[in-house]
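Numbering of residues begins at 1 and proceeds along the displayed sequence.
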Amino acid sequence: QVQLVESGGGLVQPGGSLTLNCAVSGFTFSSEVMHWYRQAPGKEREWVASISTDGGSASYAASVTGRFTVSRENDRNTVYLHLFDLESDDTAKYFCHGLRAWGQGVQVTVSS
């Protein structure tokens with residue numbers, strides 16, 4: 001059974017940083033492109049970042065480019081999202097996605 005479990009969220013002040021983790025099981029992680037999405041209250045879910053199978057290539061939404069970094073460790077079946085210089089607009093529930101499967105999401109709240 002495919003399972004994606006996010007962790008690492010929490011409350012952070014503007015300008016702070018967090019690292020989100022997504023532990024994957026149930027499929028061959030190293031052969032799958034992985035993605036991060038987020039959804040804020042009252043807004044549709046939006047794509048945030050993607051990373052290639054070997055971690056050598058990544059892409060980002062314009063709103064997070066330069067502030068977020070996606071990485072992966074295939075030997076640990078884990079994908080990460082490093083969030084820097086966080087802004088209030090980054091407040092959302094963040095989801096890991098791959099092979100048409102979704103994690104349950106983890107909350108990131110940016111507030112003073």
Side-chain angles (χ1 to χ4, degrees):
Q1 182 178 1
V2 175
Q3 186 172 3
L4 292 74
V5 180
E6 302 97 335
S7 62
L11 175 65
V12 63
Q13 294 185 346
S17 62
L18 286 173
T19 295
L20 308 182
N21 314 284
C22 176
V24 179
S25 62
F27 65 94
T28 306
F29 176 73
S30 62
S31 67
E32 301 297 330
V33 175
M34 298 298 296
H35 315 272
W36 286 96
Y37 286 73
R38 68 184 182 184
Q39 186 169 22
K43 300 181 66 177
E44 294 184 349
R45 188 169 299 185
E46 65 174 342
W47 170 77
V48 173
S50 298
I51 187 167
S52 61
T53 57
D54 65 353
S57 180
S59 58
Y60 303 91
S63 59
V64 306
T65 296
R67 299 187 300 113
F68 291 8
T69 300
V70 62
S71 65
R72 66 194 295 165
E73 294 181 325
N74 286 345
D75 58 345
R76 298 183 179 182
N77 284 8
T78 303
V79 61
Y80 307 91
L81 186 67
H82 311 275
L83 298 76
F84 305 94
D85 298 324
L86 284 162
E87 305 169 352
S88 59
D89 287 348
D90 295 319
T91 296
K93 196 169 187 178
Y94 285 72
F95 299 86
C96 183
H97 173 57
L99 199 62
R100 296 178 292 278
W102 294 86
Q104 81 285 358
V106 61
Q107 182 68 36
V108 172
T109 300
V110 184
S111 177
S112 299

May I have the step-by-step check of side-chain contact (heavy atoms from CB on, under 4.5 Å) for Asp90 and Ser88, ending in yes or no? CA-CA 5 Å; Asp90 295 319; Ser88 59; over 6 Å; no
I'd like to check [X] versus [Y] (side-chain heavy atoms, cut-off strictly below 4.5 Å). Are they in contact?
X: Val79; Y: Val70; result: yes
X: Leu83; Y: Thr19; result: no
X: Val108; Y: Thr91; result: no
X: Phe68; Y: Leu86; result: yes
X: Val64; Y: Trp36; result: no
X: Phe95; Y: Arg38; result: no
X: Ile51; Y: Val33; result: no
X: Tyr80; Y: Glu73; result: yes

For [X], which residues count as a side-chain hydrogen bond (donor to acceptor under 3.5 Å, both in side chains) partner, sequence neighbours excluded?
X: Asp85; result: none
X: Ser17; result: none
X: Thr109; result: Gln107

Answer yes or no for Arg72 and Phe29: cation-pi contact, defined as NZ/CZ to six-membered ring centre under 6.0 Å and angle to ring axis within 45°. yes
I need the Ser71 OG to Met34 CE distance, nearest 0.5 Å. 12.0 Å
To the nearest 0.5 Å, what is the distance between CG on Leu99 and OG on Ser31? 8.0 Å
Name each donor-acceptor pair under 3.5 Å that joins a side chain in residues 6-15 to protein atoms two or more places apart or in another chain, with its distance.
unit_1 : atom_1 : unit_2 : atom_2 : d
Glu6   : OE1    : Gln104 : N      : 3.0
Glu6   : OE1    : Gly105 : N      : 2.9
Glu6   : OE2    : Cys96  : N      : 2.7
Glu6   : OE2    : Gly105 : N      : 3.4
Ser7   : OG     : Asn21  : ND2    : 3.4

For the side chain of Arg67 and the backbone of Ser63, is there at least one donor-acceptor N/O pair under 3.5 Å apart? yes
Under the ring-ring contact (aromatic ring centres under 6.0 Å, His included) test, which residues partner His97, sequence neighbours left out? His35, Tyr37, Trp102
Taking side-chain contact (heavy atoms from CB on, under 4.5 Å) as the definition, give me every residue that meets it alongside Ser30, ordered by chain and number, with sequence neighbours left out. Thr28, Asn74
Quick one: closest heavy-atom pair of Tyr60 and Ala58, and the distance? OH-CB, 3.7 Å
